[in-house]
Protein chains: 2
Amino acid sequence: MNRFLSHATNRVDAKGRVSVPAPFRSVLQERQIQELYGFQDFVFPAISIGGPELMERFERQLGQLDAFSPEAHQMSLLVHGGGVFMKLDPEGRLMVTDFIRAFTGITTEVTFVGRADYFQLWQPRAFQDAQQAARLAHQRRSAPAT
Amino acid sequence: MNRFLSHATNRVDAKGRVSVPAPFRSVLQERQIQELYGFQDFVFPAISIGGPELMERFERQLGQLDAFSPEAHQMSLLVHGGGVFMKLDPEGRLMVTDFIRAFTGITTEVTFVGRADYFQLWQPRAFQDAQQAARLAHQRRSAPAT
DNA sequence: CTCGCTCCCATTGACGCCCATGTGGTCCCA
DNA sequence: TGGGACCACATGGGCGTCAATGGGAGCGAG
């Protein structure tokens, strides 16, 4: 399977590194992704990470907006100003920079969350809460009359 | 019979493995399912497991939403973040990971429940309770005047 | 010269695959 | 119809491999 799926929590070591889960690494390899692009998620307090085509996709989306609209400016601020290139070390770990910590609240542990075409870095507790909220929202939508 | 029917409870061994009931395994074989996709059920504290088309069904739903809407993000959080690929060992067992334990409350025993196109993993007691609740709710609807 | 990042190596623990055992049920045959 | 052999399945354990993690050393920039 060539999609990012499931979630897993790994520990940040004393040097600020964290191992990317092996299943995710093999997806990266299958997709021939060597350059990683990360950015601040639009909706959640999480960093989204994928290949270069991920940024391109958002730029395309950006192009559909009125270039002078507040939305376009905001998105550009997020995609470009909030974006960053990342590299894995030989063991498949990435550095948890202050850029990441500040936006996500990550300290000692990182939850990796698959999102099909890309994956995300979350503060573990924040992910649990967000997922729980999503589940409740889904139930509310499914059974609106209670 | 090519549908998942009935339920059975098996024990989790010291290594965290549990045998998938033989009837379920033969349904998997009949349906040519080799890759198992599981996800955290939206409603019950259970893990639902089926073939890849199970995930595709959800992704089709997802595709109908605006990709940048909060609803789509929440849905993806459930479908992708809450999903996982699973593999059976040569004896037809699967690993009961923390991913599964945390969500279902499963510890030493697993109840497998057939749901026609897929099956579920339950904590035995939780299944009994849920089934009982469903039975009562049904009776109430069938005979509203008591 | 010092700090920080990268690469390299070691350790530990989890997971995969293999084989062994017990038990209940079924079928066959006398 | 009773007994025995056989078989399918659930379960248990050994062992090798790989992933996650931790620490040491080298290199380059400031």
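Order of the sequence lines fixes the chain letters, A, B, ..., with proteins taken first and strands second; residue numbering starts at 1 for each chain. Just so you know, these numbers come straight off a predicted model, no measurement behind them.
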Nucleotide N/O of nucleotides 7-15 of chain C paired with protein N/O under 3.5 Å:
| residue | atom | partner | partner atom | Å |
| --- | --- | --- | --- | --- |
| C:dC7 | N4 | A:R17 | NH1 | 3.3 |

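- The salt bridge (charged side-chain N to carboxylate O under 4.0 Å, His left out) search around A:R101 returns none, not counting sequence neighbours.
- Evaluation of the salt bridge (charged side-chain N to carboxylate O under 4.0 Å, His left out) rule for B:D13 yields B:R17, B:R93 as partners, not counting sequence neighbours.
- Applying the under-4.5 Å side-chain rule to Ile, Leu, Val, Met, Phe, Trp and Tyr, the cluster around A:I49 extends to A:F4, A:V12, A:V18, A:V20, A:F24, A:V27, A:L28, A:I33, A:L36, A:I47, A:V84, A:M86, A:L88, A:L94, A:V96, A:F99, A:I100, A:F103, A:I106, A:V110, A:F112, A:F119, A:L121.
- Side chains of A:S19 and A:N10: no donor on one and acceptor on the other come within 3.5 Å.
- For the pair A:E109 CD and D:dA20 P, the computed distance is 14 Å after rounding to whole Å.
- Note: CE (A:M86) to P (C:dC5) measures 13 Å, nearest angstrom.
- Dashed line: the shortest gap from a side-chain N or O of A:R25 to OP1 or OP2 of D:dA20 is under 4.0 Å.
- Following rounding to the nearest Å, B:L28 (CG) and D:dC9 (P) show an atom-to-atom distance of 13 Å.
- When each of D:dA19, D:dA10, D:dT21 is scored by its nearest atom to the side-chain atoms of B:S19, the top-ranked nucleotide is D:dA10.
- The distance from atom CG of A:D13 to atom P of C:dT6 is 13 Å, rounded to the nearest whole Å.
- Distance, B:R11 CZ to D:dT11 C1': 8 Å, rounded to whole Å.
- Nucleotide D:dA19 holds its P atom 15 Å from the CZ atom of A:F112, rounded to whole Å.
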Donor-acceptor pairs are to be reported for all side-chain atoms of residues 51-60 of chain B against protein atoms at under 3.5 Å, with residues two or more places apart or in another chain.
| residue | atom | partner | partner atom | Å |
| --- | --- | --- | --- | --- |
| B:E59 | OE1 | A:R3 | NH1 | 2.3 |
| B:E59 | OE2 | A:R3 | NH1 | 2.9 |
| B:E59 | OE2 | B:H80 | NE2 | 2.8 |

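- Listed by chain and residue number, A:R135, A:L136 satisfy the side-chain contact (heavy atoms from CB on, under 4.5 Å) test with A:Q132 (two or more places apart in sequence, or in another chain).
- Within 4.0 Å (heavy atoms only), B:V20 reaches sugar-phosphate atoms of the nucleic acid but no base atom.
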